[in-house]
Every structure is written in C-alpha cells, then in structure tokens.
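Heads up, the thing below is written out as structure tokens.
Treat the numbers as computed from the prediction; the structure is a model and nothing was measured. Chain A is the first sequence line, chain B the second, and so forth, proteins listed ahead of strands; every chain is numbered from 1.
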Amino acid sequence: MTNAPQPFGIRKTALRKMPDYFLGSFFAMGCPCEVLIESADQRLAQRLLLVVRDEAWRIEAKWSRYLKSSLVQKINHQPEKTHTLDEETRAIVDYGQTLWQISEGRFDITSGVYRRVWSFDGTARIPSEAQIDEIRSLVGWHQVVWIDGSLTLQPEMQIDFGGLGKEYAVDACCRKITEHSTVSCLVNFGGDCAVTSAPVHRAGWTLGIESIVCTGSAVHNIELRSGGVATSGNVHRFVLHKGKRLSHVIDARTGWPISDAPQTVTVQSSSCMEAGALATLACLQGKRAEHFLIEEAPYWIQW
Amino acid sequence: MQLNKKKSIAAVIATATASLMSQAIAADNNDKRWEIDTSVLYYGEQDDRIEDVSFATRIAREFEDGRQLTFGLTVDSLTGATPTGAVELNQPQTFTRPSARGQYVTAPGTLPLDDSFKDSRTAGYVSWSQPFGDNWAYSAGFSFSTEYDYQHLGVNGSVSRELNNNNTTLSAGFAYAQDEWDPEGGVPNPLSELAGVGNQSNKSNANPEKTVVDLLFGVTQVINERMIAQLNYSYSKSDDYLNDPYKFLTVLDTSGQPVSGPGGLFSYRFENRPDERTKHSLFAKLKTFIGGGALDTSYRYLTDDWGINSHTLDFRYRFNLNEQNYVEPHIRYYVQGQADFYMPNLSASLPIPVEASADYRLGDFNATTIGVKFGHKFDGGSEISARIEWYQQDGEAKLHSVSGSNADVFPDLDAVIFQLSYRFRI
C-alpha cells in the first residue's frame with residue numbers, strides 16, 4: 001500500500017493559509033519557489049501545489065546542469081557525441097538559438113564555461129586576458145552542429161539553459177495549473193513570475209521589485225493580472241575591477257562583462273519566458289538597455 | 001536579424017515563445033500512460049525437486065488526478081518433486097500416490113519425494129486506486145488464482161492519508177480471501193494412515209475451505225531528502241482447513257525402525273494442523289540515499305499462535321554505474337523457530353498427538369538469499385533487467401523419540417532464481 005518507489009531529492013513542501021489565498025512553497029532550481037492560489041479550498045490548493053512542484057522538479061531533473069542524471073550533464077559529459085533530443089529540449093534549444101541570433105551572439109547557451117574564470121562573489125578576482133582567450137574558443141553557437149533535433153558540440157564545449165529554464169518552468173507550471181483548475185494563481189520562482197489568470201478578489205497579484213540599495217524593500221510594486229515578469233541581473237553578484245563594479249552579465253562574444261550594464265532589468269510581458277528574454281537581451285545592451293526596451297514592454301531598470 | 005530593427009525583437013521573441021510553449025504542450029500530450037511490465041522467472045531447486053517457470057505481466061494505466069488502474073496476470077508451470085514429510089530410511093519405502101491408483105518406491109538412504117507434482121497455476125488481480133477528500137486515497141482490488149486442486153478468490157481495500165504536506169503517509173488496509181481445496185484423491189482424514197492402492201476409505205470428497213483475513217496499518221515518513229522510513233503492523237487470521245492434504249509423517253519405533261501399516265506399507269499418518277492461525281507481524285524499512293546509491297534496509301518480525309517466530313533482514317543497494325546502467329546487490333537472511341506441533345516423525349510408542357506435521361516449512365531453519373540485479377535503461381524510457389539469486393535453506397531436526405539418534409533429518413534446500421524483466425510505456 002505504501003510500497004510505491006519514492007524519488008529521492010525530497011525537499012520540504014509547505015502550504016500556508018493566508019488571509020484570502022493559500023501560499024505553497026518548496027525549493028527547486030536553486031531558489032525558493034512559491035505558488036499563490038486564490039482559493040479557500042485547501043484540498044485544491046494542496047493539489048495545485050503538488051502539480052506545480054512536480055512540474056518544476058521534472059524540468060529541473062532534466063535540464064539542471066548541477067544534477068548528475070540530467071540530460072544537460074549527459075550532453076556536457078560527451079559534447080562531441082551527437083545527441084538526439086526530445087521535443088521539449090529541442091524547443092528550448094531552438095529558442096536559445098533565436099536569442100543568439102537576435103542578440104548577435106551576445107547571448108549564447110554555450111557561454112556557461114566562462115564561469116570557470118569568472119566567479120561573481122564580490123571580490124576583485126579578475127581573470128587574465130589569456131585565461132579568457134582560452135575559454136573563448138569553447139564558446140559560440142556557430143561552432144555547434146544543430147540539425148533536425150540532433151546536437152553535436154565541439155570537444156569540451158558545454159551548454160546550459162541558465163536564463164531560460166527557470167522562466168520556462170514558470171510558464172509550464174502555469175499551464176499545468178490551468179489543466180486542473182481555473183482559479184487564479186501566481187507562480188513565483190525566485191522572482192521570475194507569471195499568473196494563470198486575473199485574480200477575482202483583488203486588482204492583481206502584487207509583486208515588489210526588490211531594491212538593489214536596500215535589500216528586502218520594494219522600489220516598485222506591480223499589480224500583475226496576466227502574463228509574467230522576469231528580472232535579469234543580480235544585486236548580489238558582481239566583481240570589482242579598477243574600482244568599478246563589473247556586472248555579472250557576460251558578453252558571450254568577448255568573455256568580458258558588459259560594461260555599463262544596469263544592475264537589474266525587470267520586464268513585464270505576456271509570459272515569463274518573453275519577459276525573461278527581453279530582460280536578458282536588454283542587459284546585454286549595456287548602457288543602451290533602456291533604449292532597447294522602450295516601446296517593447298513595461299520595464300524597470302536599476303543602475 | 002539586426003538589433004537596430006528593434007521594433008521586431010519583441011515580436012520575434014513572442015513568436016519564439018509561442019512556438020516553444022506549443023512544442024511543450026505537444027510533448028506533454030505525448031506522455032505515454034500505459035506502463036507495462038513483463039517478466040519471466042525461473043525457480044529451480046536442487047536434485048530435481050521443484051522447478052517453476054512463470055510469466056508475469058503487470059499493466060498500469062494512470063488517469064488524471066492520480067487515479068490508477070492496475071491489473072496483472074501470472075501463469076506458472078510447476079514440475080518436479082516435493083518432500084512428503086516422510087523421513088529417509090535404510091530400506092526401500094513404498095508409498096501410495098494421492099490418487100490411490102498407483103505406488104512409487106523410494107530407495108534406501110533417499111529422501112522420499114512425491115514426484116507426481118505437476119501443476120499449472122493462473123493468477124490475476126485488478127486494482128483501482130483514487131484520491132478523495134483532503135489528502136486521502138483509497139484502493140480496491142480483486143484477486144484470484146486457479147490451479148488443478150486449489151482455487152483462491154480475494155478482495156482487498158485500503159485507505160491512506162497524506163499529512164504534513166505529503167511528508168507523512170498513514171495507511172490502513174484489509175484483505176479477505178476464500179480458498180478451496182479439491183485435492184487429488186480426496187481429503188485424507190487427519191492423522192489417518194496412508195492406505196494401499198485402491199483404498200480410499202480414509203478420504204472424503206469434501207472440498208475444504210480456508211479463509212484468511214489480513215489487516216494492515218502503516219506509516220511512511222520522509223525524514224529528510226535522503227531518508228524515508230516505513231513502519232507497518234499487520235495482522236492475519238486464517239481459519240478452517242489449514243492442512244496440506246499431501247503431507248504425512250513416518251511412524252518410527254524407539255530404535256528408529258518403521259512399523260507396519262495397512263496395505264503392506266509402513267505406517268505413515270497424514271498430518272493435522274490447528275484449524276486456526278493468528279499471525280502478527282511488524283515490518284520496518286529504511287530507504288536511504290547513501291554513497292551515490294539507494295540503500296533499502298528492512299526487517300520483519302513475525303509471530304503466530306502456532307509457535308513460529310521469524311526474523312527477516314533484507315538489504316538491497318541500487319547503484320547507478322552510469323546514466324543507463326545500474327546494479328543492485330541483494331542479501332536476505334531469514335530465521336524461524338519451529339511450530340509447536342512440528343515433528344519429523346511420529347513415535348509408535350507414544351499416543352498419537354492431536355496435531356502434528358513434518359512439513360519442513362514449519363521446522364527450525366534459516367535461509368539466506370544472495371543475488372544481484374542488473375538493469376539497463378533505454379533512451380525511450382523502457383528498461384530491461386536481469387536478476388539472479390541463490391537461495392539456501394538450512395534446518396535442523398532430530399528424530400522424535402528415537403533413542404540414540406542424533407542425525408539431522410531436515411531436508412535442506414538449495415534453489416536458484418533467474419528473472420528477466422522488461423518495462424515499457426505505450
């Protein structure tokens with residue numbers, strides 16, 4: 001009766017009753033994850049929480065670059081082998097390719113290897129030009145063979161879906177919820193969010209954009225009724241170089257941080273995925289970030 | 001695409017996102033929901049004792065919201081010989097077959113085995129499980145099996161309750177079974193003597209029944225991300241005809257020699273067991289993720305009012321060799337104390353006891369299983385595995401009321417188990 005095999009990696013999942021909604025929380029993809037459910041039905045809330053959690057864990061298990069058994073590790077383990085990808089992974093690789101094209105190579109799903117020399121821990125550890133040069137040869141979507149769902153990298157190259165996977169998971173979870181219920185939910189994975197539908201008992205789900213100056217306080221509140229919000233950039237990750245704070249946003253073409261990039265760019269759009277893509281591309285424009293975003297979508301930039 | 005055509009960028013991203021999400025929906029709808037497990041198992045005992053080849057299929061279909069239908073079918077083919085309960089003697093022994101239509105002779109110094117053992121068995125079950133209410137789930141099922149001389153029908157049900165955000169599961173279950181014997185040659189009168197060919201005066205044509213009620217209460221607790229503990233208590237009560245109609249005991253005098261019985265045979269008496277048996281068992285299992293693999297450790301204690309106490313200790317360690325392959329060594333140790341009425345033989349000089357059985361499965365013994373399983377996962381999600389195990393049963397039994405005899409007459413058993421399984425989804 002309880003002999004069903006249970007997966008490992010079980011993390012505490014909690015559901016709390018709030019004044020007029022349920023707050024479900026769990027941990028996935030390296031960040032706290034929440035789902036806010038506009039309902040008084042605890043049973044429903046519990047069910048939706050588990051739906052969201054299982055979907056998030058499914059995507060994490062498949063695409064995390066940290067999990068041993070993930071598809072991404074499998075590819076990175078044997079980069080020069082031709083891997084035939086499943087439909088979902090094909091779709092996100094295609095998406096990464098599109099962003100690579102429209103960012104003219106600044107965004108690149110093969111750029112994760114720069115992490116070997118850049119550690120954004122607030123110290124002044126700057127890699128040498130030679131170190132970066134060495135890594136740079138391992139980066140570049142143009143070196144990849146990507147034909148009809150089959151991916152072949154060059155030796156030692158790697159891919160990851162950082163900057164895509166979490167946003168994708170938020171939207172995927174929202175879609176999963178709508179398969180089960182029509183109640184309004186806000187899915188929030190470490191600040192990247194989307195709603196399933198407009199809430200009934202309030203104007204919108206209130207999101208605070210966290211201040212980079214004063215952690216924990218909001219510089220702006222968004223009333224989210226549809227679509228998603230995502231933030232690119234991170235307050236707590238930077239390096240100091242010649243007295244200047246270098247952003248953690250690396251230009252995949254050079255291996256160097258984008259100069260004069262905003263500290264954070266928050267974008268609201270019709271989905272979390274779109275918001276995330278716009279925010280990431282804007283950051284990669286450096287000081288032209290704002291110029292890039294004007295007319296594209298509602299945005300909030302902190303320099 | 002140029003960045004300065006920025007008007008189009010949001011549109012390009014919107015199109016790409018729409019395409020991504022529709023791909024995801026397509027991939028999701030492709031989820032294969034029929035899970036099919038098939039396996040073939042060979043079980044073989046040493047010295048041409050029992051051999052069993054069995055084919056099993058389990059089919060599970062999962063529906064929305066966790067509802068699940070499972071059914072399974074097993075077909076077994078058993079051949080070989082099984083100990084009758086009679087002890088080996090230093091002279092030939094003649095036995096009448098259960099049908100009373102013939103006899104067979106066991107050579108001196110050989111364990112008497114009934115070699116007419118041949119049967120095929122078909123067993124199946126259907127089970128439905130479904131969540132309900134706040135964090136509850138129930139399951140209900142039906143089982144049957146049929147073989148030449150034995151029929152089983154059973155129903156079962158369980159409820160479980162998730163607590164503490166699914167970190168705790170409480171469950172309670174019951175099962176009721178009604179079985180019926182139709183033994184070859186009829187049902188022997190308890191403790192009556194094995195008769196000669198054509199003589200069925202000590203057998204009746206009744207079809208005796210056996211009923212079994214099982215209750216189970218369990219709790220499963222997630223301790224942390226690397227550990228799950230499970231504790232079950234179960235109660236089982238069997239009633240009515242609990243004998244094995246083919247087993248008997250040799251009657252020996254105090255010098256260890258057989259005495260003569262009817263029809264020119266030695267004296268052998270059919271066994272008799274109590275018509276009621278109550279078992280209590282406690283089962284504890286700890287699943288831990290350790291050293292890169294999953295270790296299952298379990299212990300079961302069982303005690304019953306027949307006087308049998310048993311302990312089972314079981315270890316399995318599943319270790320992934322790489323993405324596709326895993327290996328799972330398995331060790332199991334079992335020890336039991338004999339039933340109060342177990343005796344390898346009856347004594348000619350003592351009154352016949354009310355209950356007696358020489359069935360080795362009720363004696364003092366221990367058993368060790370050592371095995372290993374190899375599994376390979378294919379890219380599409382199907383999995384093939386092969387398991388091989390050695391089973392060794394070692395017991396001890398001294399002849400009852402025979403002076404000067406210290407020999408161990410327990411029929412030890414060695415067996416090998418080989419299983420090949422394939423699991424896939426459609």
To the nearest 0.5 angstrom, please state how far the [atom1] atom of [X] sits from the [atom2] atom of [Y].
X: B/L20; Y: A/D171; atom1: CG; atom2: CG; value: 8.5 Å
X: A/E88; Y: B/M21; atom1: CD; atom2: CE; value: 8.5 Å
X: B/N135; Y: A/Q42; atom1: CG; atom2: CD; value: 7.0 Å
X: A/Y168; Y: B/T17; atom1: OH; atom2: OG1; value: 11.5 Å
X: A/R43; Y: B/W136; atom1: CZ; atom2: CH2; value: 13.0 Å

Measuring heavy-atom distances to chain B, does [X] have an atom under 4.5 Å in its side chain, in its backbone, in both, or in neither?
X: A/E274; result: both
X: A/L44; result: neither
X: A/S271; result: side chain

Quiz item: Is there side-chain contact between A/T98 and B/I13, with heavy atoms separated by less than 4.5 Å?
Solution: no
Quiz item: If you count the non-hydrogen atoms of other residues, nucleotides and ligands that lie under 6.0 Å from NE2 in A/H77, is the total more than 12?
Solution: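 Check fails, neighbour count at 12 or below.
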Self-check item: Whether over 12 other heavy atoms sit under 6.0 Å from A/K287 NZ
Solution: no
